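Encoded as structure tokens, the structure appears first; notes follow it.
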Protein chains: 2
Amino acid sequence: MDDDRDACQIFHIDEEKVLKLKAGLIGEYKALTLSEIFKALGDPTRVKILYTLMENELCVCDIASLLGMTVSAISHQLRLLRNLKIVKYRKEGKMVYYSLDDEHIKKLLEMGVTHVEE
Amino acid sequence: MDDDRDACQIFHIDEEKVLKLKAGLIGEYKALTLSEIFKALGDPTRVKILYTLMENELCVCDIASLLGMTVSAISHQLRLLRNLKIVKYRKEGKMVYYSLDDEHIKKLLEMGVTHVEE
DNA sequence: CATACATTTGAACAAGTGTTCAACTATTTA
DNA sequence: TAAATAGTTGAACACTTGTTCAAATGTATG
């Protein structure tokens, strides 16, 4: 009688629970920002790119060669990853060397692998 | 002279490095599987749904009410999350209670927040 | 300066995605 | 059995996305 599961019709969960739930809601902006990061990792090409960068920094055409894709396609993806601060770059003459921006990205990838591998 | 950065033109990185890089490449299937998980987290609505499930299990129309969206929209998203084993569900009479499938998902979300908040 | 090369960029296209609407299933209750 | 309720589903739509191609930067080198 005390914990009869919330029927849905009029949404009559007890006040306290409603408040707790609403307080725990993620904000619109935060949800968007967070989803943008995950979305960036949510493409096979970008996953492959990031994997090549996990131990080394590499230039655009090295990545393109390794993945068997056009330099243009890789560059487009790198721009996206750059804008989201997922990779950083370093210019040296004609070449541009890309690397992961921070350790979080590496950890996110590793945790993703852990999840899919179990 | 020893570590002259790989010029790109003919991709003449030294053999050892090429081999190491190629060995570290992620496979096609693994990249796809991994990207599917991240893609699932890469939508604001799904992020919000998962956030409501971080501490409680909830039924579809509770989530819909909390987020101010239609039951149908939520149900479609939950199916996707279900198929990817990101959420699990429990049936009780007419109601279906959803919850996060495992701790990894929670950790991924938390780690994502950490990344965007710094 | 002219040439070569690494990378970036914009436009365009096919393919994929999220929401809505209406119809449907399944379960409870009268 | 009939009505009510919780949830699922499929089709349709506008919108977004990833790649390609061609053209444009920027930088070194002859």
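Order of the sequence lines fixes the chain letters, A, B, ..., with proteins taken first and strands second; residue numbering starts at 1 for each chain. Bear in mind the structure is a predicted one, so any value in this text is a computation, not a measurement.
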query: Would B:M111 and A:M54 show up in the same hydrophobic cluster when neighbours are defined by side-chain heavy atoms closer than 4.5 Å?
result: yes
query: Can you check the A:M95 CE to C:dA4 C1' distance for me, whole Å?
result: 14 Å
query: Any sub-3.5 Å donor-acceptor pair from A:T33's side-chain atoms to A:Y29's backbone N or O?
result: yes
message: Please report the distance, rounded to the nearest Å, between CZ in A:F38 and P in C:dG18.
response: 15 Å
query: Roughly, in whole Å, what's the span from CD1 in B:I63 to P in C:dT19?
result: 13 Å
Nucleotide D:dA6, atom P - distance to OH of B:Y89 in whole Å: 19 Å
message: Expressed as a whole number of angstroms, how long is the span from B:L41:CG to C:dG18:P?
response: 12 Å
- prompt: Under 3.5 Å, is there a donor-acceptor pair between the side chain of A:N56 and the main chain of A:L58?
  reply: no
query: For the pair made of NZ in A:K91 and P in C:dC5, what is the distance, rounded to whole Å?
result: 18 Å
message: For DNA chain D, which residues of residues 68-87 of chain B approach it to below 4.0 angstrom with any heavy atom?
response: B:V71, B:S72, B:S75, B:H76, B:R79, B:R82
query: Below 4.0 angstrom, N of the basic side chain to O of the carboxylate: do A:K30 and B:E117 qualify?
result: yes
task: Check the hydrophobic clustering (I, L, V, M, F, W, Y; side-chain heavy atoms under 4.5 Å; chains of links allowed) and say if A:I37 and A:L32 are grouped together.
output: no
- request: Ignoring hydrogens and angles, state whether a donor on the side chain of B:R82 or B:Y98 is under 3.5 Å from an acceptor on the partner side chain.
  value: yes
- request: For B:Y98 and for A:G42, locate the closest nucleotide of DNA chain D by heavy-atom distance; then report the residue assigned to the nucleotide nearer the 5' terminus.
  value: B:Y98
Between C:dT7 (P) and A:R90 (CZ): distance, integer Å: 12 Å
- prompt: So does B:E55 have more than 12 non-hydrogen atoms from other groups sitting under 6.0 Å from CD?
  reply: no
message: If you only use heavy atoms from C-beta on, which nucleotide in C:dT28, D:dG18, D:dG7 is closest to the side chain of A:R46?
response: D:dG18
query: Taking atom P of D:dA6 as reference, at what distance in whole Å does atom NZ of B:K94 sit?
result: 5 Å
query: Are OP1 or OP2 of D:dT17 and a side-chain N or O of A:K39 less than 4.0 angstrom apart?
result: yes
